[in-house]
Amino acid sequence: MSSNDEIRPPLPPFTRESAIEKVRLAEDGWNSRDAAKVAKAYSLDTRWRNRAEFVDGRGQAQAFLERKWAKELEYRLIKELWAFTDNRIAVRYAYEWRDDSGNWFRSYGNENWEFGADGLMVNRYACINDLPITEAERKFRWPQGRRPDDHPGLSELGL
């Protein structure tokens, strides 16, 4: 459910190129850590499963993201296309973050996404595992925000 002014290209049906673009746009949005902006990529009635948390609607998605980025400091994310169909995309990803005690983590996961005809994400199912790492083991060291185009992706990093 969305209003006519909420269109989020690229739109389904996806091609390999448009699916890769959609994944990079999602990565860029999450790396912005702007919960209000990121939430607009989801339908008003979006439904998520994120670990053991269930999100119902765009408002809850925004609140979830605000809590997430308040806890996961210095968050940096890389997403990679795994598979796609007409209106669905599967991604794998990793992100690095630290807690307020200075402990570093790399979180690995997979997501399954389903989109409406307007390009807004209707369903998001995420499975995530956290690996404690040392500061020296970090691989995502670009300045906060969008990953630079010349920074290696997951496959190039051996992740």
Side-chain angles (χ1 to χ4, degrees), residues 1-2 6 8 19-84 88-116 119-159:
M1 154 186 359
S2 66
E6 291 182 304
R8 271 300 205 187
I20 289 170
E21 180 183 358
K22 196 74 157 178
V23 170
R24 181 58 192 241
L25 289 169
E27 176 188 313
D28 292 349
W30 282 58
N31 276 328
S32 77
R33 296 173 301 134
D34 181 338
K37 177 183 169 190
V38 172
K40 290 180 182 175
Y42 300 92
S43 66
L44 293 173
D45 59 352
T46 192
R47 296 183 55 99
W48 296 11
R49 186 194 70 234
N50 195 90
R51 300 179 195 254
E53 187 168 352
F54 295 84
V55 170
D56 194 12
R58 186 185 286 169
Q60 285 186 17
Q62 181 175 336
F64 168 88
L65 293 168
E66 289 167 354
R67 286 191 315 277
K68 173 185 180 62
W69 292 320
K71 175 188 172 208
E72 296 177 351
L73 308 174
E74 297 194 48
Y75 177 94
R76 289 170 179 84
L77 165 73
I78 299 176
K79 290 184 180 281
E80 184 174 281
L81 177 67
W82 186 254
F84 71 95
R88 293 181 177 173
I89 295 176
V91 299
R92 65 187 203 95
Y93 60 92
Y95 61 93
E96 293 180 351
W97 57 281
R98 68 169 177 81
D99 64 18
D100 60 1
S101 296
N103 300 302
W104 282 94
F105 299 87
R106 185 174 305 121
S107 299
Y108 296 96
N110 300 293
E111 291 179 348
N112 296 311
W113 302 340
E114 182 178 11
F115 295 88
L120 296 174
M121 194 180 299
V122 177
N123 290 304
R124 176 184 172 269
Y125 304 105
C127 297
I128 309 162
N129 299 297
D130 299 322
L131 174 69
I133 60 173
T134 65
E135 200 284 333
E137 292 173 305
R138 291 179 52 217
K139 296 179 182 275
F140 303 175
R141 295 184 176 271
W142 66 86
Q144 291 274 214
R146 186 179 194 276
R147 175 173 55 102
D149 290 334
D150 62 350
H151 189 284
L154 295 178
S155 292
E156 293 84 6
L157 289 168
L159 300 175

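Quick caveat, the model's predicted, so the values are computed rather than measured.
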Closest non-hydrogen contact found for Leu131 with Tyr108 is CD2-CE1, 4.0 Å
Checking Glu137 side chain against Ile133 main chain: does a donor-acceptor pair fall under 3.5 Å? no
For the backbone of Gly57 and the side chain of Gln60, can you confirm whether one donor and one acceptor N or O come within less than 3.5 Å of each other? no
**OP:** Give the intermediate values and the outcome of salt bridge (Lys or Arg N to Asp or Glu O under 4.0 Å) for residues Arg67 and Glu72.
**Re:** CA-CA 9 Å; Arg67 286 191 315 277; Glu72 296 177 351; over 6 Å; no
query: Checking Arg76 against Trp97: charged group under 6.0 Å from the ring centre and within 45 degrees of the axis?
result: no
Can you classify the ring geometry of Tyr75 versus Trp30 as parallel (below 30°), tilted (30 to 60°) or perpendicular (above 60°)?
tilted
task = Applying side chain to side chain contact (heavy atoms under 4.5 Å, CB included), run through Trp104 and Asp99 and close with a yes or a no.
result = CA-CA 7 Å; Trp104 282 94; Asp99 64 18; over 6 Å; no
- Does one side chain, of Gln62 or Tyr42, offer a donor that lies under 3.5 Å from an acceptor on the other? no
Tested for ring pair (Phe, Tyr, Trp, His ring centres under 6.0 Å) against Phe64, the lone hit among Phe54, Trp69, Trp48 is Trp48
Before you tell me yes or no, could you show the steps for Glu135 and Arg138 under side chain to side chain contact (heavy atoms under 4.5 Å, CB included), namely the whole-Å CA-CA distance, both residues' side-chain angles and the distance that decides it to 0.1 Å? CA-CA 6 Å; Glu135 200 284 333; Arg138 291 179 52 217; 3.0 Å; yes
Exercise for the section: Go through the steps for Arg24 and Asp149 under the test salt bridge (Lys or Arg N to Asp or Glu O under 4.0 Å), then give the verdict. Expected result: CA-CA 10 Å; Arg24 181 58 192 241; Asp149 290 334; 3.7 Å; yes
- Please assess Glu6 against Lys40 for the test side chain to side chain contact (heavy atoms under 4.5 Å, CB included), listing each intermediate value before the final yes or no. CA-CA 8 Å; Glu6 291 182 304; Lys40 290 180 182 175; 5.6 Å; no
- Message: Between Lys22 and Gly119 (side chain of the first, backbone of the second, donor and acceptor by atom type, cut-off under 3.5 Å), is there such a pair?
- Response: yes
Check: Just by modelled atom types, is the Met121 backbone N or O under 3.5 Å from a matching donor or acceptor in the Thr46 side chain?
Finding: yes
So does Ser107 get a backbone contact from the side chain of Glu96, meaning a donor-acceptor N/O pair under 3.5 Å? no
Are Arg124 and Trp113 in a cation-pi setup, meaning NZ or CZ lies under 6.0 angstrom from the ring centre and within 45 degrees of the ring axis?
-> no
From the list Lys79, Arg146, Arg147, side chain to side chain donor-acceptor pair (under 3.5 Å) with Asp28 holds only for Arg146
Please confirm whether the backbone N or O of Arg88 pairs with a side-chain atom of Glu114, one donor and one acceptor, at under 3.5 Å? no
